[in-house]
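The basis for the numbers below is simple: all heavy atoms, side chains too, and nothing from hydrogens, waters or symmetry mates. Letters A, B, ... mirror the listed sequences (proteins, then strands); counts begin at 1.
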Amino acid sequence: MRRLGREGWVGMALVMLLACVGLWAPAFFEPQPLWTRLASWMPRLVVAAGVAVVMVARHIDISVGSVLGVSGVVGGMVIAAGLPAWAGMAAAVSCGALAGALNGWWVAGLRLPSIVVTLATMVAWREGLRWGRQGVFVNLPDTAVWMGLPMVAGQGLVIAAGLGAVAGLGWWMRNMASGRWVAAMGSNPEAGRLAGIPAGWVTGGTFVVSGSMAGLGAALLLVQSPQVDPASGRLLELEAVAAAVVGGVSIRGGAGRMRGVLAGFLLLACVGPALTYLGVKAYWDKAIHGVVILAAAAMAARAGGKQAT
Amino acid sequence: MKTGRTWWVLIGLLAVEAIVFGTWGRNFGTADNVANMVRHGTEVALLALALLPVVVGGGIDLSLGSMVGLSAVVFGKAWRDGGMPWGGAALIAVATGAGAGCLNGWMVVRLRVPSLIVTLGTYSLFRGMAEALTQGVDAFTAFPASFLWLGEGRWGGVPVQGWILAAATVAAASWMHGMRWGRELRAAGFAPEGARHAGIDVGRRLVWAHGACGLVAGIAGLGYTARLGTAKADAGTGLELAAITAVVLGGASIHGGRGSVGGTWLGIAVIAVMANGLTRLPATMSVAAELTGLMTGLLLLGGMALGPLLRKDGGS
Amino acid sequence: MFGDVGATRGDARALDGGVAGGSKGGLNYRVHGGEGEAARLRLVDVSKSFGAVRALRGVSMEVRAGEVHALLGENGAGKSTLIRVMAGVHAPDSGRIEVGGRVHGRLTVGTARAEGIAVVHQQPAMFPDLTVAENLALRLEQAGPWSRWRRDRHERRARECLARLGSGIDPGRLAGSLSMPEQQLVELAVAVGAGARWIVLDEPTASLTRREQERLYPVIDGLRGDGAGIVHITHRLEEVGRLADRVTVLRDGESVGTFGGRELDEGGLIERIAGRRVEGMHPGGGATRGPLRLDVHGVARAASGLKPCSLRVHAGEVVGLAGLVGSGRTELARVIFGLDRPDSGRVWVDGSEVTGTCMAMERGMAMVPEDRRRHGVVPEMGVAANLAMASHGRLFPWGWLRPGRERRVASEWTGRLGIKAGPAGSLVGTLSGGNQQKVALGRWLATRPKVLVLDEPTQGVDVGAKAEIHRWIREWTGEGMAVLMITSDLPELLGMSDRVVVMREGRVAGELPGGCSASEVMGMAMGTAGSEVGG
């Protein structure tokens, strides 16, 4: 099926990778390490999903790593102040949404290039946090870890929340008018304006979405350990963009689906551990990531070669 | 070019910094401190100067920091495991950087992938190669003193980095403002198709810009190694964003076309002086060094918001 | 596929339904019984100027419901301005528009839409990453942000709209995968879905092959049968006889008249379109034909729709390259200059073969492109930098900029071409169109070319500058330059060219000698008169 396009290819690559691993290194699929690994991936996955929404609208958000850091600390402090875990998680998400709204206002309201705006807020949030915390971790009470549940159940909850959020975003993108507006604006902004789409709100809204997802990522990270590291979001932004690109989201906007992002993220996330199980040394991880990203980008360029800048 | 107003804003900022830190900072204005600033600012400054042509040509390079790391590791490997004299190893390291940059440029031009995506991929790839070369843990140390002199020594009373930086500045200024290649790159940044219609080989100019970027990243990798005395795979992490910040703060447009060496220098200086000055303030003023980054971010945002107001013709 | 088109004939409700923003009270569409004012779209005495250019001068035109009204005229006759006035994009300087008896001094995009006027553009603006159904839905529905996106309903509606046009395009296909005629059908479906009663077709057939055109005709017939009033802009005269009930011809911003669909034969139409020209208004030819300079042999490029083309230009000669928009003139010029790589064929300059722009420039070829702001100059850069841009290799040996040399070149050519550049260092983007064009010309003249390719050299240039440019072209050819000039301006073509090469549908249709008539050129360009001469 040509219509499946790049998501299909990425999905196939993922399946083949997992099949190889299943044949030669079935230890990879032992439930407990797999379960833990999945839970630890969820924060990064939801962040990548949020960035993908912005990219579908033909923008980019590289502040998500810093926003995740700030949201995590805010959420952690709420919990440390004695409030229940869910309140801290809610605080983290709201904090992310606010930071995203700020980005959105700069980009949509003042019509500034999103890469520069989010670069600035990325630096500002990260360094502001470093200044505010001086690198000190936030200590959480034991009751907050896995929301007081047994670890396996807590991990299950995290996995469900992460996958649920991504599925929800995907559903919104496909099945609600505003979700389609995002794709339309990314596909052809001029035609979008002519068709009466509220351009500013849609663009700004996508940044609120990516900010909220960064906040959710912080919330899902928060409950996994008794301490919040203020530097936990470092370099996450480029990883998120990479997952989206591999998953078939076009940097030129318009194209991209959540299931593709999921596949792209899992491919990048699995390739390292999988190869480790197959005997490749872990330090090849990043280089292989790079090759996967470049291969995906080259394939996309060949598919849409007509649309050169 | 309407860079004039940006320049004045940056010069004003520098003046404010000089007054504030000169008044309250300890030993801010001493020669030693200035030398210190040069030493610590060199790598970012080099990378920013190298990034400028790429940005003016309408692209971006996210792989700068990774190229620094790769060339540092290649240098260490060639010197220690390859048994080469450090001069030869340094040549190989710089050539590695240049090759990496050309690879970026080639993929941008030939495969027609946006430079943001290409360099995002090589950001991972080059860092990964550095990690693979060192097997993730290896670090190269105990370099000969003649090499370390590059990072710690002085020549004619000025830190060696000062000379390297001066040479890089002259080279960048000549290229971007004194030679046809810079002019052509600028035309390509403003209007890629228009430049092609004027008979300019846009693809070759872009490959050169990316290649030069890699070459300078290689030099920066050597400088980094010489300053710290070790070469590790994580050398230069995050430098790409610092360089982009300086270039954009210096008035270069991310859409291509606009940007100057002078403006970039002012951007670098504003950040470097602030970073240094904040550490010189007395403890009673309780301003931490981390404030630098925060202020940089705010400056960037402020500068951008001012941009559309200052520039009457708006731009696109 | 195109069968059973007029199925919904007489179903006025279908036409009324869903007019975007058309819920304004009191709009009473009486589609049939077309005698009254309600069944007329009238433009009365409409004038419109852009600066010194008078695009429309007192044009009147009437479209009736249930007719196809062809609008003819050469490029620049004012057709596009007229349809922009109808679509509400341009406000006329004077005159009025009457739609169904309601009088408007001007239309806005919103009122035009509310009055049921829809324009189908030659190159529709679509969302390439969305499906056909979604494209239709986004254009037709005003949904709330949190409303469900009813994919099934959208698909059903899209299928209905397309079926009324007799098209079986799958609504689930991505718009980016549609061919040009399919895109136009979708655009037409938007108009139908919006219940448009007045549909303007802006050269829908220009970029279509003959087979594709044949499939569009029954669609237009069907719309007419449904009672829509259709304005059909075209360059293909056979379509007039095939489709049009009436014809209006524009020339130089004025209406030449409205005729019955079969009142005039093709020759008569061509005469009305081209008019009787005062010849000899340009500096006369009389150039001596020198040695062969530019030799293009069998150049073809599928991606540009270019079939094998050959032509020759001698020193001291101006060869006019004529043809309709979309006939492949610019595409051929791009290949000759090396901007696009040909699939086959070769180009020689002075006997040596050239490939690629750099080599073409070295051999003394120059090209002034059509799209001045995007290709001809770099508006964000200064006059001197723009003038020097094509001569870098000669002006700056070793690569170092030489401001003195650059200034000298700049002052030479600003002086010789009379470029009014304002204060020193002013950006080209701030100059008037005529001065920008002179900069684009000067850039290439500074290279002292032996072969000059001009693509619409006087488009959007005022009369004075135009005459100057014409005089210069003569001067240069007198000095032995070979000029290949693409122009849509017939008087310019006829007055300047020593020979005219006519292109049609991507190939060279034939060649006419200097002093040929406008009718001959138009006839060959439209594919009526003259025998086909292979490329």
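- For A:Trp125, the CH2 atom counts as loosely surrounded, since its 6.0 Å shell holds 12 or fewer non-hydrogen atoms of other residues, nucleotides or ligands.
- Only the side chain of B:Tyr123 comes within contact range of chain A, judged by heavy atoms closer than 4.5 Å.
- Heavy-atom neighbours of A:Trp284 CH2 from other residues, nucleotides or ligands within 6.0 Å: at or below the threshold of 12.
- At a 4.5 Å heavy-atom cutoff, the contact between B:Ile60 and chain A is made by side-chain atoms alone.
- Only the side chain of B:Leu62 has a heavy atom closer than 4.5 Å to any heavy atom of chain A.
- Judged as a side chain to side chain donor-acceptor pair (under 3.5 Å), and not counting sequence neighbours, the contacts of B:Arg280 are B:Asn33.
- Residue contact with chain B, scored on non-hydrogen atoms closer than 4.5 Å, is absent for A:Leu129.
- Of the two parts of B:Leu120, the backbone and the side chain both hold a non-hydrogen atom closer than 4.5 Å to a non-hydrogen atom of chain A.
- Using a 4.5 Å cut-off between heavy atoms, A:Ile115 touches chain B through its side chain atoms alone.
- Counted by atom type alone, A:His289 and B:Ser124 present zero donor-acceptor pairs between their side chains at under 3.5 Å.
- The stretch residues 230-240 of chain B places B:Thr237 near chain A, each with some heavy atom under 4.5 Å from a heavy atom of that chain.
- Both the backbone and the side chain of A:Val117 come within contact range of chain B, judged by heavy atoms closer than 4.5 Å.
- Using a 4.5 Å cut-off between heavy atoms, B:Leu249 does not touch chain A at all.
- Interface check for chain A: of the options B:Leu298, B:Thr134, B:Thr245, B:Val137, the most heavy-atom pairs under 4.5 Å are formed by B:Thr245.
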